[in-house]
Amino acid sequence: NPSLFKEAPSVSKISSKSVTLVRRWREASEMIKKGAPIPLLWPANHAEAGKRLAEACPFFTLTILPQKPNRGEIFRTAEMFEANPVIFAGEYDCWKEKEWLSLLKKLGEKRLFILSARTPYSLLSLPDSGGFFALYSDGRASLDALANILNGRARPKGKLPVEIPGHCPMGWGEEEF
């Protein structure tokens, strides 16, 4: 059906208006501007999305980790990244994934810039994260919209469609990364 191909630009347009910067973190954006290498951690069951984002953002150094890391893997990962002041991490409703949440908490929330590929509710499980983007999807259009923001080619335009109790009202969204 040829009309399906005509809709692709509208998906990109919608994604560029939906990626929401829930919490800005100046230190992370300054590191990106300087071109400093920044770790990007991504769960293995969604590795393709992490690879796509890392390819679009040359400052990221991608590490694919098990979706359900065991205690040893959590400990080794925390050791491997202990010197990094900023770590970006993809997540998919981490409150449902105890092991991934344990890994993120072990890394130290204040050093994490969370890239939530499903809902913004993960902020409730990681309330002290340094920064937080709600992507709502890990599809090509959403990742491209995020990459444009991170690379300084676009500004975040998304607004939260829900309230995050104790953190952000519905309609919240930072407009400058």
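Every value quoted in this text rests on a predicted model; they were computed, and no experiment measured them.
Scored by the ring pair (Phe, Tyr, Trp, His ring centres under 6.0 Å) test, Phe59 finds no partners at all (sequence neighbours excluded).
Between His167 and Val22 there is no side-chain heavy-atom pair separated by less than 4.5 Å. Ile32 is listed as a side-chain neighbour of Phe88, based on a closest heavy-atom distance under 4.5 Å. Using a 4.5 Å heavy-atom threshold, the side chains of Pro156 and Glu174 count as separate. Looking only at side-chain heavy atoms (C-beta outward), Lys33 and Glu30 come within less than 4.5 Å of each other.
With respect to the salt-bridge test (charged N to carboxylate O, under 4.0 angstrom), the residues Arg155 and Glu176 qualify. Of the charged side-chain nitrogens involved, none lies within less than 4.0 Å of a carboxylate oxygen, so that Arg52 and Glu48 do not count as a salt-bridged pair.
Taken together through direct or relayed side-chain contacts under 4.5 Å among Ile, Leu, Val, Met, Phe, Trp and Tyr, Phe133 and Leu160 form parts of separate hydrophobic clusters. By the rule that hydrophobic residues join a cluster once side-chain heavy atoms approach within less than 4.5 Å of another member, Trp172 and Leu126 end up as members of one cluster.
Side-chain N or O atoms of Thr20 include one that pairs as donor or acceptor with a backbone N or O of Ser18 at under 3.5 Å. At distances below 3.5 Å, at least one donor-acceptor pair connects side-chain atoms of Glu91 with backbone N or O atoms of Cys94. Side-chain atoms of Lys159 come within 3.5 Å of backbone atoms of Gly173 as a donor-acceptor pair (strictly under, hydrogens ignored).
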Sequence neighbours excluded and cut-off under 3.5 Å, please list the side-chain donor-acceptor pairs for residues 74-87, or say none.
{"unit_1": "Arg76", "atom_1": "NH1", "unit_2": "Gly72", "atom_2": "O", "d": "3.4"}
{"unit_1": "Thr77", "atom_1": "OG1", "unit_2": "Glu73", "atom_2": "O", "d": "2.7"}

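In the model, Tyr92 has a side-chain atom that pairs as donor or acceptor with a side-chain atom of Asp138 under 3.5 Å.
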